[in-house]
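Inspection log for the structure reproduced underneath, given as C-alpha cells.
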Amino acid sequence: MGFEKGASLLEDLIEKAGGCAVMDGGFATQLESHGASINDPLWSALCLIKDPHLIKQVHLEYLEAGADILVTSSYQATIPGFLSRGLSLEEGESLLKKSVKLAVEARDKFWDRVGCVPGNSYNRALVAASIGSYGAYLADGSEYSGCYGPGVNLDKLKDFHRRRLQVIVEAGPDLLAFETIPNKLEAQACVELLEEENIQIPSWICFSSVDGENAPSGESFKECFEILNKSKKVNAVGINCASPHFIESLVCKFKELTTKAIVVYPNSGAIWDGRAKKWLPSMCFGDEEFELCAPRWRNQGAKVIGGCCRTTPSTIRAISKALKETS
C-alpha cells in the first residue's frame, strides 16, 4: 500500500474502512452556512477566536456524514497571522492547540455515542492537523500560483512553518496534513522540517493544481515527488483544492510516480479569485457527481477521499455511501 514503518495508525484506518478512508469536506463553507463571518485574512481560523462552538459543530456534522478523518481548523492559523491581529505569541500558540483540541473533543464525543452501538457503520475517526501553505498565510491566492517572490527561499519557508509544526504536534493530533502546497521548494521545506524535528506521527503532503497536469508553479509532479519519495516521514501524498475534473487523471499519474498512499480531496470545481476574494462561476460537481466518481478514484488507487472548498456534509455522505456500496 506504500506505507512506511510508523504509519500503522493511518494504514489500520484505511483497512477498517474497506481500503479507502473518507475525509471530511469544506470547512469554511460549512461555517458560513451556520452564520460565521470569515471574510478575513485568518479565514476559518477566525472562528477559533470568535466561534469555537461552531468549529466543533461542523466537525460533528462531518462525523455524522461518515468521515473517517477530521481535518482541524488550522489551515490559515499561523503564528505570524495571529500576531498581526494583535494577539500575543502565547495566545497564538494556544489557538493552534485549540484547533486540535476541538477536533479531538468532537471525535471523542461522537465515538462515545455511536461506538458502543452494535452494527454501527462508523469507524473511530482520526484527527489530521491542517498545516496550510505559506500562500494560505499570505491570503493572496499564491497557493494557486506558487509565486512567492525571489525573497522566499528554503530557509524562510522552514522558519515560517517550524514553530507552528512544533506547537501542533505538541497538541497531539493523529496525523499531519500539509495542504495546498504549490511548488517543489515548499514541499522540500516540509520534508526537511519533518526530518529535523524528528516527527513521529503519520503525515501527508498534498499539492494543488490549476491545470490538472502540474503543480501551480508549473513544476512537474515528477520533480515535486522526488524528495517526497525519499522521505520515510511522509506517509501519503496527494492533491487537494483542485478541480474534481482533474482527479481521475492525477490519481493515475501519481500511481506512476510514487508507491506512497494517495490522498485526494478536490473542491467542488468552483474557482477562487484570491485577490478579489470571491468565487468565480465555473462548472461544479454536485453530490451526485462525487457519488459516481469516488468509487472510480478508489479503484484507480486513491486510499483517502474527501472534499475541500464548497463541498459539504451531504457531499461526504454521498462519497461514504458510494464507497461502502461498491466495496
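Scope of the values below: all heavy atoms of this structure, side chains included, with no hydrogens, waters or symmetry mates. Everything numeric in this text was worked out from a predicted model, so none of it was measured.
In this model, a donor atom of one side chain and an acceptor atom of the other lie less than 3.5 Å apart for His34 and Glu61. Counted by atom type alone, Ser220 and Asn214 present zero donor-acceptor pairs between their side chains at under 3.5 Å. For the 3.5 Å distance criterion, the side chains of Asn198 and Gln200 qualify, holding a donor opposite an acceptor. Side chains of Gln188 and Glu192: a donor on one and an acceptor on the other come within 3.5 Å. Defined by atom type and a distance below 3.5 Å, a donor-acceptor pair is present between the side-chain atoms of Glu179 and Ser130. Between the side chains of Ser231 and Glu195, at least one donor-acceptor pair of N or O atoms lies under 3.5 Å.
Of the residues listed (Thr312, Thr315, Thr311), the one engaging Asp287 in a side-chain hydrogen bond (donor to acceptor under 3.5 Å, both in side chains) is Thr315, and it is the only one. Screening Lys321, Lys324, Arg317 for a salt bridge (charged side-chain N to carboxylate O under 4.0 Å, His left out) with Glu291, the sole residue that qualifies is Lys321. With Tyr148 as reference, Tyr134 is the one residue of Phe160, Tyr134, Tyr137 to meet the ring-ring contact (aromatic ring centres under 6.0 Å, His included) rule. When the options Leu63, Leu126, Val22, Ile14 are evaluated for a side chain to side chain contact (heavy atoms under 4.5 Å, CB included) with Asp68, the one that passes is Val22. Put simply, the residue from Phe207, Phe246, Trp204, Phe221 that forms a ring-ring contact (aromatic ring centres under 6.0 Å, His included) with Phe254 is Phe221. Glu93 pairs in a salt bridge (charged side-chain N to carboxylate O under 4.0 Å, His left out) with only one of the listed residues (Arg164, Lys98, Arg163), which is Arg163.
Residues Leu157 and Asp159 have side chains not in contact (no heavy-atom distance under 4.5 Å, counting atoms from C-beta outward). Ser208 has its side chain out of reach of Ile239: every pair of non-hydrogen atoms, C-beta onward, lies at least 4.5 Å apart. A heavy-atom distance below 4.5 Å is not found between the side chains of Lys303 and Cys20. Residues Asn235 and Lys260 have side chains not in contact (no heavy-atom distance under 4.5 Å, counting atoms from C-beta outward). For the pair Thr72 and Pro173, the minimum side-chain heavy-atom distance is 4.5 Å or more. Counting heavy atoms from C-beta outward, Glu64 and Phe110 have side chains that approach closer than 4.5 Å. By the 4.5 Å heavy-atom criterion applied to side chains, Leu176 and Leu194 are counted as neighbours. The side-chain heavy atoms of Ile38 and Glu32, taken from C-beta on, include a pair separated by under 4.5 Å.
Asp24 contributes no side-chain N or O that, together with a main-chain N or O of Val58, makes up a donor-acceptor pair within less than 3.5 Å. Judged by distance alone, with hydrogens and angles left aside, the side-chain atoms of Arg298 form a donor-acceptor pair with the main-chain N or O of Leu323 at under 3.5 Å. With Ser33 contributing its side chain and Gln30 its backbone, the two residues share a donor-acceptor pair below 3.5 Å. Side-chain atoms of Asn267 never come within 3.5 Å of backbone atoms of Cys309 as a donor-acceptor pair (strictly under, hydrogens ignored). In terms of modelled atom types and a separation under 3.5 Å, the side chain of Asp51 and the main chain of His53 share no donor-acceptor contact. In this structure, the side chain of Ser84 engages the main chain of Gly81 through a donor-acceptor pair within 3.5 Å. The backbone N or O of Val127 sits less than 3.5 Å from a side-chain atom of Asp174, completing a donor-acceptor pair. Listed for the Ser94 side chain is no donor-acceptor partner under 3.5 Å among the backbone atoms of Glu90. Looking only at distances, no side-chain donor or acceptor of Ser142 sits under 3.5 Å from a matching main-chain atom of Ser145. Side chain of Asn120 to main chain of Val114: a donor-acceptor pair is present (N/O by atom type, distance under 3.5 Å, no hydrogens or angles).
Separating the CG atom in Asn153 from the CG atom in Leu185 is a distance of 7.5 Å, to the nearest 0.5 Å. Distance check, rounded to the nearest 0.5 Å: CZ of Arg296 to CD of Gln300 gives 7.0 Å. Annotation: the span from Leu31 atom CG to Lys50 atom NZ amounts to 13.0 Å, rounded to 0.5 Å. The OG atom of Ser37 sits 7.5 Å away from atom CG of Leu46, with the distance rounded to the nearest 0.5 Å. Rounding to the nearest 0.5 angstrom, the gap separating the CD1 atom in Ile181 from the OG atom in Ser217 is 11.5 Å.
Under the ring pair (Phe, Tyr, Trp, His ring centres under 6.0 Å) criterion, His59 pairs with Phe27, sequence neighbours left out.
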Using side-chain contact (heavy atoms from CB on, under 4.5 Å), reason through Leu42 and Ile49 one step at a time and then give a plain yes or no. CA-CA 10 Å; Leu42 291 179; Ile49 303 170; 4.0 Å; yes
Evaluate side-chain contact (heavy atoms from CB on, under 4.5 Å) for Ser74 paired with Ile131, printing each intermediate quantity in order. CA-CA 7 Å; Ser74 51; Ile131 300 175; 5.8 Å; no
How far apart are the C-alpha atoms of Cys206 and Thr180, what are their side-chain angles, what is the distance that settles it, and do they pass the side-chain contact (heavy atoms from CB on, under 4.5 Å) test? CA-CA 6 Å; Cys206 282; Thr180 56; over 6 Å; no
side-chain contact (heavy atoms from CB on, under 4.5 Å) between Leu48 and Leu102, intermediate numbers included: CA-CA 9 Å; Leu48 287 168; Leu102 289 168; 3.9 Å; yes
Please test Arg162 against Glu196 for salt bridge (charged side-chain N to carboxylate O under 4.0 Å, His left out), starting from the C-alpha separation and ending with a verdict. CA-CA 10 Å; Arg162 189 182 303 275; Glu196 290 170 15; 2.9 Å; yes
Go through the steps for Lys101 and Glu105 under the test salt bridge (charged side-chain N to carboxylate O under 4.0 Å, His left out), then give the verdict. CA-CA 6 Å; Lys101 182 172 180 280; Glu105 287 176 352; 2.6 Å; yes
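Residues Asp108 and Arg124 are paired through a salt bridge, judged by an N-O separation under 4.0 Å between the basic side chain and the carboxylate. A salt bridge is defined here as a Lys NZ or Arg NE, NH1 or NH2 lying under 4.0 Å from an Asp or Glu carboxylate O, and Glu213 with Lys253 meets this definition.
Val304 and Leu9 fall within the same hydrophobic cluster, defined by Ile, Leu, Val, Met, Phe, Trp and Tyr side-chain heavy atoms under 4.5 Å apart, directly or through other members.
Sorted by first and then second residue, the pairs that involve residues 182-191 and meet salt bridge (charged side-chain N to carboxylate O under 4.0 Å, His left out), not counting sequence neighbours, are Lys184-Glu226.
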